[in-house]
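Notes follow once the structure below has been shown.
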2 protein chains.
Amino acid sequence: MQITRAAEYGVLGLTALARRPLGEVVMIETLCAEEDIPNSFLGKILQSLAKAGIVKSARGSGGGFSLARTPTEVTALEIIEAIEGPIAFQRCLDEDLGCEHSGGCALCALLSEAQEQVREVFGRTTLSDLTGRHIPNGLVRQARNRSSETAAPVMPLDPVPVQPAPAS
Amino acid sequence: MQITRAAEYGVLGLTALARRPLGEVVMIETLCAEEDIPNSFLGKILQSLAKAGIVKSARGSGGGFSLARTPTEVTALEIIEAIEGPIAFQRCLDEDLGCEHSGGCALCALLSEAQEQVREVFGRTTLSDLTGRHIPNGLVRQARNRSSETAAPVMPLDPVPVQPAPAS
DNA sequence: GCTTTTCCAGACGAATTTGGTCTGGTTCGC
DNA sequence: GCGAACCAGACCAAATTCGTCTGGAAAAGC
Ligand code: SF4
Ligand code: SF4
């Protein structure tokens, strides 16, 4: 009953991208550093996202990834399903597999209801919503490392030095 | 992003039990036949349910399992969490593991919201709700087998011969 | 007290999924 | 042409899932 790491990294990676002006091209390595994601893994994840038309990729020197749409028009549901495939709580709710009992199965009905709730929550949350209230995980870790050098054991999480919102 | 088979079988097994008068003792084998569940697997699942105080077990000849509470007082959430452990969409939402970024992580907030929705749906559905609208999977399979002998390809799912609701 | 029947506890293991890495390409800018 | 970057897929280790199996232990009946 967990979201996979791939989906988690995918969403986080996109917030890193969405934090920038629309259309800016960024290398995988940069995104990984900002959100603390294993480098080559994010590469693979972004490929799925590119196929789904959420990001655009540019090869060659000066290349990287950029958002294909504005962050307000990309939902978390799209991102997650692009990476993990359709959300399905059981095989009966998966289009491909199915279950012969699904007609009269009470559990199937219950799971279907729960699943719809999840899709609703993910579906109404856009990438820009997420980016707005997100503190880049990489920054958090850096701050923690610095403070441990200077002996303070717990980091107070001061006002965060995120880049100012794009004036749009 | 799936409910495990164990949880599925657990819920189905309990509907089989709840279909009977409260307190009736039934053997694993009988329950398995009714809902089409691998025999020894259900044994293990029922052990967790017994530890959680949802069913009572009786050893020896004439033994088996019985519900420890009325079906109206057992929620699907209890059943599922007794089997799978607490529902947690990510490590940050799991009490034991946790994640150091959880403070400022937007994804964590989103997953938390989705997860609460699921818990709400499961929490308000009782075992008696489920039993009420459930057609035992074993019966469905038997009917299918019979109809395939007599050549009818699709089974119409007639009014089902489930035992009448306990007059209570 | 012996036997039969049932659950109990946990070891065991095959299959699948997850969480990545690596390699050999391909495409682009220069 | 060269180097920087993505691309496609093979590959792999670890974890999890989905069970089975075995040797008990308790209860009932004789
Ligand atoms: S929940 Fe019911 S319908 Fe869905 S897979 Fe399980 S048995 Fe089949
Ligand atoms: S969602 Fe955010 S807080 Fe939760 S585990 Fe992932 S990084 Fe940590």
Side-chain angles (χ1 to χ4, degrees), chain A residues 1-13 17 24-33 35-68 80 83-85 87-91 94 96-97 99, chain B residues 1-13 17 24-33 35-52 54-68 80 83-85 88-91 94 96-97 99:
Chain A
M1 203 56 190
Q2 288 220 162
I3 292 280
T4 61
R5 291 291 176 101
E8 178 185 348
Y9 293 154
V11 173
L12 293 178
L17 206 46
E24 182 169 334
V25 175
V26 190
M27 284 192 305
I28 290 181
E29 211 181 323
T30 313
L31 298 172
C32 284
E35 291 291 347
D36 246 6
I37 300 175
N39 201 300
S40 35
F41 197 14
L42 184 60
K44 193 148 73 165
I45 296 165
L46 283 173
Q47 286 175 33
S48 330
L49 258 14
K51 268 179 202 148
I54 295 172
V55 298
K56 275 181 297 196
S57 65
R59 303 213 239 198
S61 103
F65 289 90
S66 58
L67 278 181
I80 292 171
I83 297 170
E84 292 199 339
I87 290 180
F89 275 22
Q90 251 305 334
R91 55 192 190 285
D94 186 312
D96 302 328
L97 315 109
C99 170
Chain B
M1 204 55 191
Q2 288 220 161
I3 292 281
T4 61
R5 291 292 175 101
E8 178 184 348
Y9 294 154
V11 173
L12 292 178
L17 207 46
E24 182 168 335
V25 176
V26 190
M27 286 192 304
I28 289 180
E29 212 182 323
T30 312
L31 298 173
C32 284
E35 291 291 346
D36 246 4
I37 301 174
N39 200 302
S40 35
F41 197 13
L42 184 60
K44 195 147 75 166
I45 296 164
L46 284 173
Q47 285 175 34
S48 330
L49 259 13
K51 268 180 204 149
I54 295 172
V55 299
K56 276 181 297 196
S57 65
R59 303 215 238 197
S61 104
F65 289 90
S66 57
L67 278 181
I80 292 171
I83 296 170
E84 292 199 340
F89 275 22
Q90 251 306 334
R91 55 191 190 288
D94 186 311
D96 302 329
L97 315 109
C99 170

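What you see is a predicted model, and the numbers here were worked out from it, not measured in a lab. All chains are named by letter (A, B, ...) in the order of the sequence lines, taking the proteins before the strands, and each is independently numbered beginning at 1.
- Residue A:Arg59 places a side-chain atom within donor-acceptor reach of the base of C:dT26, judged by atom type and a 3.5 Å distance cut-off alone.
- If you take CE of A:Met27 and C1' of D:dG3, they are 13 Å apart, rounded to a whole angstrom.
- Side-chain N/O atoms of A:Ser61 include none lying less than 4.0 angstrom from OP1 or OP2 on C:dC28.
- Picking from C:dC8, C:dT6, C:dG20 the nucleotide with the shortest atom distance to the side chain of A:Arg5 gives C:dG20.
- Distance, A:Ile37 CD1 to C:dT21 P: 12 Å, rounded to whole Å.
- Put simply, CG on B:Leu97 is 13 Å from P on D:dA15, counting in whole angstrom units.
- Contact annotation for B:Gly64: backbone-only contact, meaning every heavy-atom pair under 4.0 Å involves sugar-phosphate atoms and none involves a base.
- In this structure, A:Lys56 atom NZ and D:dC7 atom P are separated by 13 Å, rounded to whole Å.
- Residue B:Ala58 is in sugar-phosphate contact alone, with no base atom involved, counting any heavy-atom pair closer than 4.0 Å across all strands shown.
- The CD1-P distance, from B:Ile45 to D:dC18, rounds to 10 Å in whole Å.
- Closest approach to the B:Gln47 side chain among C:dC8, C:dC7, C:dT21 is made by C:dC8 (side chain taken as heavy atoms from C-beta onward).
- Rounded to an integer number of Å, the gap from B:Asn39 CG to D:dT20 P is 8 Å.
- For A:Tyr9 and C:dG19, the shortest distance from a side-chain N or O to OP1 or OP2 is not below 4.0 Å.
- The nearest heavy atom of DNA chain C to A:Phe41 and to A:Gly60 marks one nucleotide each, and the one closer to the 5' end goes with A:Phe41.
- Considering only heavy atoms from C-beta on, A:Met27 stays 4.5 Å or farther from A:Leu31 through its side chain.
- Where A:Lys51 and A:Met1 each meet DNA chain D at their nearest nucleotide, the meeting point lying more 5' is that of A:Lys51.
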Check: Between B:Val25 and B:Phe65, does a side-chain contact (heavy atoms from CB on, under 4.5 Å) hold up when you go through it step by step?
Finding: CA-CA 5 Å; B:Val25 176; B:Phe65 289 90; over 6 Å; no

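- Residue contacts shown for A:Leu46 are absent, as no nucleic acid heavy atom lies under 4.0 Å away.
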Next item on the list: Given side-chain contact (heavy atoms from CB on, under 4.5 Å), test A:Phe89 with B:Met1 step by step and report yes or no.
Entry: CA-CA 6 Å; A:Phe89 275 22; B:Met1 204 55 191; 3.9 Å; yes

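- OP1 or OP2 of C:dT18 has not a single side-chain nitrogen or oxygen of A:Thr4 nearer than 4.0 Å.
- Considering only heavy atoms from C-beta on, B:Glu8 comes within 4.5 Å of A:Arg91 through its side chain.
- The pair B:Glu84-B:Arg5 does not count as a salt bridge, with every side-chain nitrogen at least 4.0 angstrom from each carboxylate oxygen.
- We find that CG of B:Leu42 is positioned 11 Å from P of C:dC8, with the value rounded to whole Å.
- Residue A:Glu8 contributes atom CD, which lies 14 Å from atom C1' of C:dG20 at whole-angstrom precision.
- A:Ser57 has no side-chain polar atom (N or O) that falls below the 4.0 Å cut-off from OP1 or OP2 of D:dA5.
- Side-chain contact check for B:Tyr9 versus B:Cys32: every heavy-atom pair is 4.5 Å or farther apart.
- With hydrogens and angles ignored, a donor-acceptor pair under 3.5 angstrom links the side chain of A:Lys44 to the base of C:dG20.
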